[in-house]
Amino acid sequence: MVLDLVSSNRCFGGELRKYKHQSAALGGLVANFNLFLPAQASSKKVPLLVYLAGLTCTEDNGAQKGGFFGAAAEHGIAVVFPDTSPRGAGIEGEDADWDFGTGAGFYLNATHPKFSKHYNMLTHITMEIPQVILTAELPIDLTRQSIAGHSMGGHGALTLYLAGSQPNQYKSASAFAPICNPIKCPWGQKAFDGYLQGGVAEAASLYDATELIKKRTDPVNILIDYGTGDNFYKQGQLLPENFLQAARDAGHGESEVLVRSQEGYDHSYFFISTFAADHVNFHAKFL
Ligand SMILES: N[C@@H](CCC(=O)N[C@@H](CS)C(=O)NCC(=O)O)C(=O)O
């Protein structure tokens, strides 16, 4: 798997690199990701924080507007920013809506025959990107990974943490305005009906953070922030209360699952960048 360097910028004493590679998980299409390497990576292997972006985003939104680099540089943590879906699969209807198809891969492995060749973001994030990093001998210690995300990416962070492809791949998870109970919200229902042969029923045991936390008995490390001024929260797309209730019912107290309601904040990167350092500091405790 050849990794091509597209660009490199000096950043907070380290470097932000954009890479592209041919992705087997995404059906042979070209995939991009951004990678922040802190200064510490020039002398030793550093831990990795994965940041998953939301609907309509690319690998650039979080890197350009997330505000993660100051804290990541301080703690010596690398941050990888993958894309949110395959690009250019050429599937009929793929570009018709902003909340399905291109830019909306939902961090799952599709089982519907129309999408299963290309829409395998779960494998891309949890297995392929780590393999690419390993093969390229980048200075990253893959035994120390955590995961964060926003909105659809918050759903990705929580579900890949709770039930990714390998148990305990990530030491902690955090999310900004995550879709917490996708089987119960319009975005999730639309995605699962489209990508999965078994639709919402198939998703319940695999791709719904609220369902997954109910079954989790061992300790977890989860931080969630959402804003009370977030229109998608108000429309019932995020449902953080459902996740919180399920976590408490399953015995996960505030030291394991902290859900913070942030007064007046909306869904934007102004919200994310306000709390980005908090999230990096949270992950640093486990990395
Ligand atoms: N296009 C949608 C909004 C999509 C949206 O807000 N996407 C969020 C993630 S769910 C985002 O991060 N957008 C890109 C950005 O703010 O940079 C609309 O018109 O309502």
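In each ligand, atom 1 is the first atom listed, and ligand 1 is the first ligand listed. Throughout, residue positions are numbered sequentially from 1 according to the sequence presented.
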Worksheet item: Is the gap between the ring centers of His267 and His150 under 6.0 Å?
Response: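 That pair passes the under 6.0 Å test.
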
Can you tell me the protein heavy atom closest to [atom] and the distance?
{"atom": "atom 13 (N) of ligand 1", "answer": "Thr56 OG1, 3.7 Å"}
{"atom": "atom 5 (C) of ligand 1", "answer": "Leu55 O, 4.0 Å"}
{"atom": "atom 3 (C) of ligand 1", "answer": "Trp98 CZ3, 4.0 Å"}

Worksheet item: Just going by heavy-atom distances, which of Gly54, Cys57, Ala104, Gly66 is nearest to atom 11 (C) of ligand 1?
Response: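 Selected option, by shortest heavy-atom distance: Cys57.
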
Worksheet item: In Å, rounded to the nearest 0.5 Å, how long is the span from CG of Leu48 to CG of Leu35?
Response: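 The distance works out to 7.0 Å.
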
Can you classify the ring geometry of [X] versus [Y] as parallel (below 30°), tilted (30 to 60°) or perpendicular (above 60°)?
{"X": "Phe192", "Y": "Phe106", "result": "perpendicular"}
{"X": "Tyr265", "Y": "Phe271", "result": "tilted"}
{"X": "Tyr195", "Y": "Phe100", "result": "parallel"}

Worksheet item: Can you find a protein heavy atom under 4.0 Å from atom 19 (O) of ligand 1?
Response: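 So atom 19 (O) of ligand 1 lacks protein heavy-atom neighbours under 4.0 Å.
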
Should we count [atom1] of [X] as having more than 12 external heavy atoms under 6.0 Å?
{"X": "Lys114", "atom1": "NZ", "value": "yes"}
{"X": "Gln166", "atom1": "CD", "value": "yes"}
{"X": "Phe286", "atom1": "CZ", "value": "yes"}

Which ligand 1 atoms, with their elements, are less than 4.0 angstrom from a heavy-atom of [X]?
{"X": "His267", "answer": "10 (S)"}
{"X": "Ser151", "answer": "10 (S)"}
{"X": "Phe232", "answer": "6 (O), 20 (O)"}

Discussion item. Between ligand 1 and Asn61, is the shortest N or O to N or O distance under 3.5 Å?
Written reply: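 N/O-N/O distance below 3.5 Å exists for this pair.
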
Worksheet item: Hey, does Lys65 come in under 3.5 Å of ligand 1, counting only N/O atoms on both sides?
Response: yes

Fill in: ligand 1-proximal atoms of Met152, by part, heavy-atom distance under 4.0 Å
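No part of Met152 comes within reach of ligand 1.
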
